[in-house]
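Below, chains carry the letters A, B, ... as their sequence lines are ordered, and counting in each starts from 1. FYI, side chains are in, hydrogens and waters are out, and symmetry mates aren't considered; it's all heavy atoms of this structure. This one's a predicted model, so the numbers in the text were calculated from it and none came from an experiment.
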Amino acid sequence: MKREKIYQLLKELSPSDNVLIKGWLRTRRDSKNFSFLEVNDGSCLKNIQIIADSALDNYTEITSLTIGSAVCIRGSLVKSQGKGQTLEIQAQSIEIISLAPESYPLQKKRHTDEFLRTIAHLRPRTNKYGAMFRIRSELSYAIHKFFRDKAFQYIHTPIITGSDCEGAGEMFRVTTLKPDQKIKNDCRKDFFGQETNLTVSGQLSAEMFALALGDVYTFGPTFRAENSNTSRHVAEFWMVEPEMAFCDLEGDMDLAEEMTKFLTMHILDNCAEDIQLFAKFVDKKLMATLETIIAGSFLKLPYSDAIDILNKSGKKFEHEVKFGNDLQTEHERYLAEQYFKKPVIIYNYPKDIKPFYMRMNDDGITVAAMDVLVPGIGEIIGGSQREERPEVLAERMNELGQFPEDYWWYIDSRKYGTVPHSGFGLGFERMLMLLTGVKNIRDVIPFPRTPGSIEF
RNA sequence: UCCCCAGUAGCUCAGUUGGCAGAGCGGGUGGCUGUUAACCACCAUGUCCGCGGUUCGAGUCCGUGCUGGGGAGCCA
């Protein structure tokens with residue numbers, strides 16, 4: 001007999017004989033002549049109720065089953081005589097695969113996220129984290145579906161990289177040298193013969209492929225060695241980076257908006273039950289937030305206008321609002337949460353606060369950069385039109401103290417058939433936070449890596 | 001890295017002016033019941049985060065370290 005998944009059985013409308021399920025016991029309630037077992041196999045949020053009659057030959061063992069124990073149940077799917085479920089399984093046999101000791105840390109009650117983080121290996125067995133990681137899986141699929149439907153090619157850009165100055169923060173060093181050899185600091189003797197790091201972005205590689213395959217994207221792990229201790233940062237996270245040839249900043253912003261909406265709708269359509277858990281127990285305003293994302297269009301606002309709005313707001317900000325300064329978290333939150341109350345795209349930032357590869361605007365002051373800000377999280381997407389003019393690129397690299405010889409292949413792409421092109425990076429975990437209302441990034445990734453914490 | 005808050009039973013937390021260590025849940029035992037985070041009764045549970053200090057006496061006050069959380073910077 002073939003094992004059936006519980007999500008399939010719960011979709012059934014009529015009784016049937018000979019079903020086989022395997023899963024873990026979530027709770028047990030004993031009655032006079034039988035016991036109610038609730039079993040979950042991770043295929044969906046709901047448990048299935050099992051009726052274990054006292055006539056079963058191992059009934060004594062069944063009534064001492066503990067939470068977390070693994071069981072294999074054969075029986076018939078029948079109409080439930082109780083309230084709360086339409087169908088249940090009348091067990092013909094219950095095989096105990098393994099018995100969990102009473103020290104099993106997960107109890108039949110709500111645990112705090114902080115406690116569950118200390119047992120990250122067990123937390124996917126809870127309703128909330130089970131739902132989270134089913135949504136995470138579905139969101140990954142949705143990303144591929146979005147791009148595939150638009151004929152984007154999926155590129156596997158390198159995890160290990162030799163470029164050490166991509167301008168996106170501190171990097172993790174990759175080496176095969178022993179600690180005492182490392183002190184000599186001679187990279188020529190190292191595995192790759194030069195300084196090597198984990199990637200902080202696949203962008204530069206993706207650009208090369210956009211200039212060959214047209215529309216491409218990457219979706220993979222990214223590493224930042226920043227010592228940042230916030231609810232929005234982890235050292236290892238996943239990033240989605242589309243890159244499009246023959247595309248300007250306007251097209252870039254449009255794609256960012258379209259993608260955010262598509263992903264939101266896809267999850268609402270395909271993970272309704274799991275999302276409902278978050279709407280009910282995690283963030284009461286979740287559905288309203290998700291509505292604002294799919295309903296109207298995102299607001300597009302030049303950086304200079306954002307500065308004006310902030311200055312005229314009459315609000316006292318901790319950090320000075322001045323053209324040329326980067327927008328601080330408090331400014332971004334004010335714009336997205338209080339002033340517009342919906343996603344905002346800010347574009348055309350001053351060149352001095354942005355990296356060399358962003359395209360210089362005609363004003364000579366700003367670059368074609370854009371950030372998508374969403375209520376509750378802040379920046380979820382950062383992107384730009386890339387500088388495709390070789391002479392302007394060289395000037396910018398010089399201005400920002402970059403060595404052209406380190407980027408010879410990048411510069412080469414502007415030499416041969418250069419075209420306007422654009423792209424952006426979406427923080428996959430931040431998207432999950434937006435979709436679930438979860439406030440800490442450590443709770444949307446299976447085993448979070450943060451400064452001083454790599455237990456699992 | 002900086003600022004603020006917290007650390008007491010397996011979990012969530014209370015603990016008065018510095019004076020015998022507590023509750024709910026979970027666990028164990030028994031009972032009741034087509035039950036729904038079942039219910040009722042009884043039982044057991046402790047390095048009060050570590051180290052040092054003040055005091056007749058510290059869970060409580062002081063110093064310090066560690067861990068966790070919130071915020072800031074950096075960013076996705």
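Between the base of B:C75 and the side chain of A:His233 there is a donor-acceptor pair shorter than 3.5 Å. Contact of A:Glu114 with B:U67 (side chain to base): no donor-acceptor pair of N or O atoms is detected under 3.5 Å.
When the C1' atom is used for both B:A14 and B:A6, the distance is 15 Å, rounded to whole Å. Distance noted for atom P between B:G18 and B:G70: 32 Å (whole Å). Nucleotides B:U67 and B:C25 are separated by 25 Å at their C1' atoms, to the nearest Å.
Judged by Watson-Crick or G-U wobble contacts below 3.5 Å, the nucleotide B:G59 has no partner. Pairing of B:C39, defined by two Watson-Crick or G-U wobble distances under 3.5 Å, is identified with B:G31. Here B:A44 sits opposite no nucleotide as a Watson-Crick or G-U wobble pair (both hydrogen-bonding atom distances under 3.5 Å).
At least one side-chain nitrogen or oxygen of A:Thr27 sits closer than 4.0 Å to the OP1 or OP2 atom of B:A38.
Comparing B:U35, B:G69, B:G71 by their closest approach to the side chain of A:Ser231 singles out B:G71. Closest to the side chain of A:Arg117, out of B:U35, B:G68, B:C75, is B:G68.
For the pair A:Lys354 and A:Asp326, the salt-bridge criterion is not met [side-chain N within less than 4.0 Å of a carboxylate O].
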